[in-house]
Amino acid sequence: MQVPHDGSVLVTDGRKALFLRNQGDREFPNFILVHTWEQQLAADRSLRSGAPGRTFGSMGHGNRRSSYEETNLHEQAESQFASEVADFLNAKMPAHASGELVIVAPPRTLGVLRKRLRREVLERVSAEITKDLVKHPIIQIERLVTSYRGPT
């Protein structure tokens, strides 16, 4: 995959995001960090307010009790973070009208981004890579993105 000069690359995983710009060219890329942000998540037990709610069934003999399924608060926080990243792209990308965008994210995060990005931004997405590369150094992200050949 080739990222054009001044093309953008978003690498995110729902907890951390890197917004990179290619200052090189298609053949010799040079990804530069433009913006980064990170979300600090507390332990699940500190996010919870108490035990899950209970429901009582009135059908059949006796009282049946069961609890509601617990909400995964980390997944909710990651979805909220991905929404904030999408809001950033919605605000930032129109300023660079000619630039392409490559998004690198795990499938769940990519799904949230797709739902939240405006049409004008989605039209500029030249590739989506469903990988988690956010913990890699930028030079390695550069190599992995430019050597990516698509799903097999």
Side-chain angles (χ1 to χ4, degrees), residues 1-54 67-152:
M1 166 182 309
Q2 293 184 336
V3 180
H5 174 73
D6 213 26
S8 300
V9 178
L10 173 72
V11 183
T12 186
D13 69 352
R15 293 183 183 179
K16 183 176 181 179
L18 306 171
F19 187 67
L20 310 167
R21 177 138 311 116
N22 184 11
Q23 294 300 309
D25 57 22
R26 289 181 185 269
E27 198 164 325
F28 300 104
N30 181 23
F31 291 1
I32 303 297
L33 182 63
V34 174
H35 190 74
T36 183
W37 52 118
E38 190 166 357
Q39 173 181 1
Q40 299 297 325
L41 293 178
D44 242 6
R45 67 180 171 273
S46 67
L47 295 173
R48 299 198 185 286
S49 60
R54 292 260 188 230
S67 62
Y68 291 105
E69 183 178 340
E70 290 188 37
T71 303
N72 186 327
L73 299 174
H74 278 141
E75 282 183 17
Q76 277 186 343
E78 288 178 3
S79 290
Q80 178 61 34
F81 181 76
S83 294
E84 292 169 10
V85 170
D87 293 342
F88 170 83
L89 289 176
N90 286 333
K92 184 80 171 167
M93 289 304 291
H96 292 80
S98 63
E100 292 180 18
L101 174 65
V102 174
I103 300 176
V104 183
R108 180 176 296 149
T109 304
L110 193 55
V112 173
L113 289 171
R114 281 187 198 128
K115 288 179 189 174
R116 292 291 305 243
L117 289 174
R118 283 193 269 147
R119 183 180 48 84
E120 307 88 54
V121 177
L122 284 171
E123 288 173 351
R124 310 220 352 252
V125 174
S126 61
E128 295 175 342
I129 301 174
T130 54
K131 294 189 178 287
D132 185 356
L133 301 180
V134 79
K135 293 181 179 104
H136 291 72
I138 292 174
I139 189 75
Q140 193 172 8
I141 292 170
E142 184 179 293
R143 277 192 225 120
L144 291 167
V145 168
T146 55
S147 66
Y148 184 73
R149 300 287 178 239
T152 56

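- The side-chain heavy atoms of Phe28 and Asp25, taken from C-beta on, include a pair separated by under 4.5 Å.
- For Phe31 against Ile138, the heavy-atom pair with the smallest separation is O-CG2, 3.6 Å.
- A distance of 10.0 Å separates CZ of Arg15 from CD of Glu38, quoted to the nearest 0.5 Å.
- Side-chain contact between Leu113 and Leu10 is present, with at least one heavy-atom pair separated by less than 4.5 Å.
- Looking at Glu84 and Gln39, their side chains never come closer than 4.5 Å, going by heavy atoms from C-beta outward.
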Applying side chain to side chain contact (heavy atoms under 4.5 Å, CB included) to Val104 and Tyr148, what does each step give before you reach the verdict? CA-CA 11 Å; Val104 183; Tyr148 184 73; over 6 Å; no
Run the numbers on Glu100 and Val125 for side chain to side chain contact (heavy atoms under 4.5 Å, CB included), then give the verdict. CA-CA 6 Å; Glu100 292 180 18; Val125 174; over 6 Å; no
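- In terms of modelled atom types and a separation under 3.5 Å, the side chain of Asn22 and the main chain of Gly7 share no donor-acceptor contact.
- Ring geometry, Trp37 versus Phe88: the interplanar angle falls from 30° to 60°, so the pair is classed tilted.
- A distance of 10.0 Å separates CZ of Phe81 from NZ of Lys16, quoted to the nearest 0.5 Å.
- No side-chain heavy atom of His136 sits under 4.5 Å from any side-chain heavy atom of Val11.
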Hey, mind stepping through Lys131 and Leu144 against side chain to side chain contact (heavy atoms under 4.5 Å, CB included) and telling me if it holds? CA-CA 10 Å; Lys131 294 189 178 287; Leu144 291 167; over 6 Å; no
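- Distance check: Asn30 CG to Glu142 CD gives 6.0 Å after rounding to the nearest 0.5 Å.
- Leu133 CG to Leu18 CG: the interatomic distance, rounded to the nearest 0.5 Å, is 10.0 Å.
- A salt bridge is absent between Arg108 and Glu78: the closest approach of a Lys/Arg side-chain nitrogen to an acidic carboxylate oxygen does not fall below 4.0 angstrom.
- Separation of atoms CG (Asp87) and CZ (Arg118) is listed at 9.0 Å; rounding is to 0.5 Å.
- Across all non-hydrogen atoms, the minimal contact from Val112 to Ser83 is CG1-OG, 3.8 Å.
- Taking each heavy atom of Pro106 and Asp132 in turn, the nearest pair found is CG-CB, 4.0 Å.
- Between Ser126 and the choices Val3, Val102, Ile103, Leu101, the side chain to side chain contact (heavy atoms under 4.5 Å, CB included) rule is met once, by Val102.
- The closest side-chain heavy-atom distance from Val134 to Thr12 is not below 4.5 Å.
- Taking OG of Ser8 as the start and CD1 of Ile32 as the end, the distance is 12.5 Å to the nearest 0.5 Å.
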Verdict with supporting geometry, Asp13 and Lys135, side chain to side chain contact (heavy atoms under 4.5 Å, CB included): CA-CA 9 Å; Asp13 69 352; Lys135 293 181 179 104; 4.0 Å; yes
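- Between the side chain of Thr130 and the main chain of Ala105, no donor-acceptor pair closer than 3.5 Å is present.
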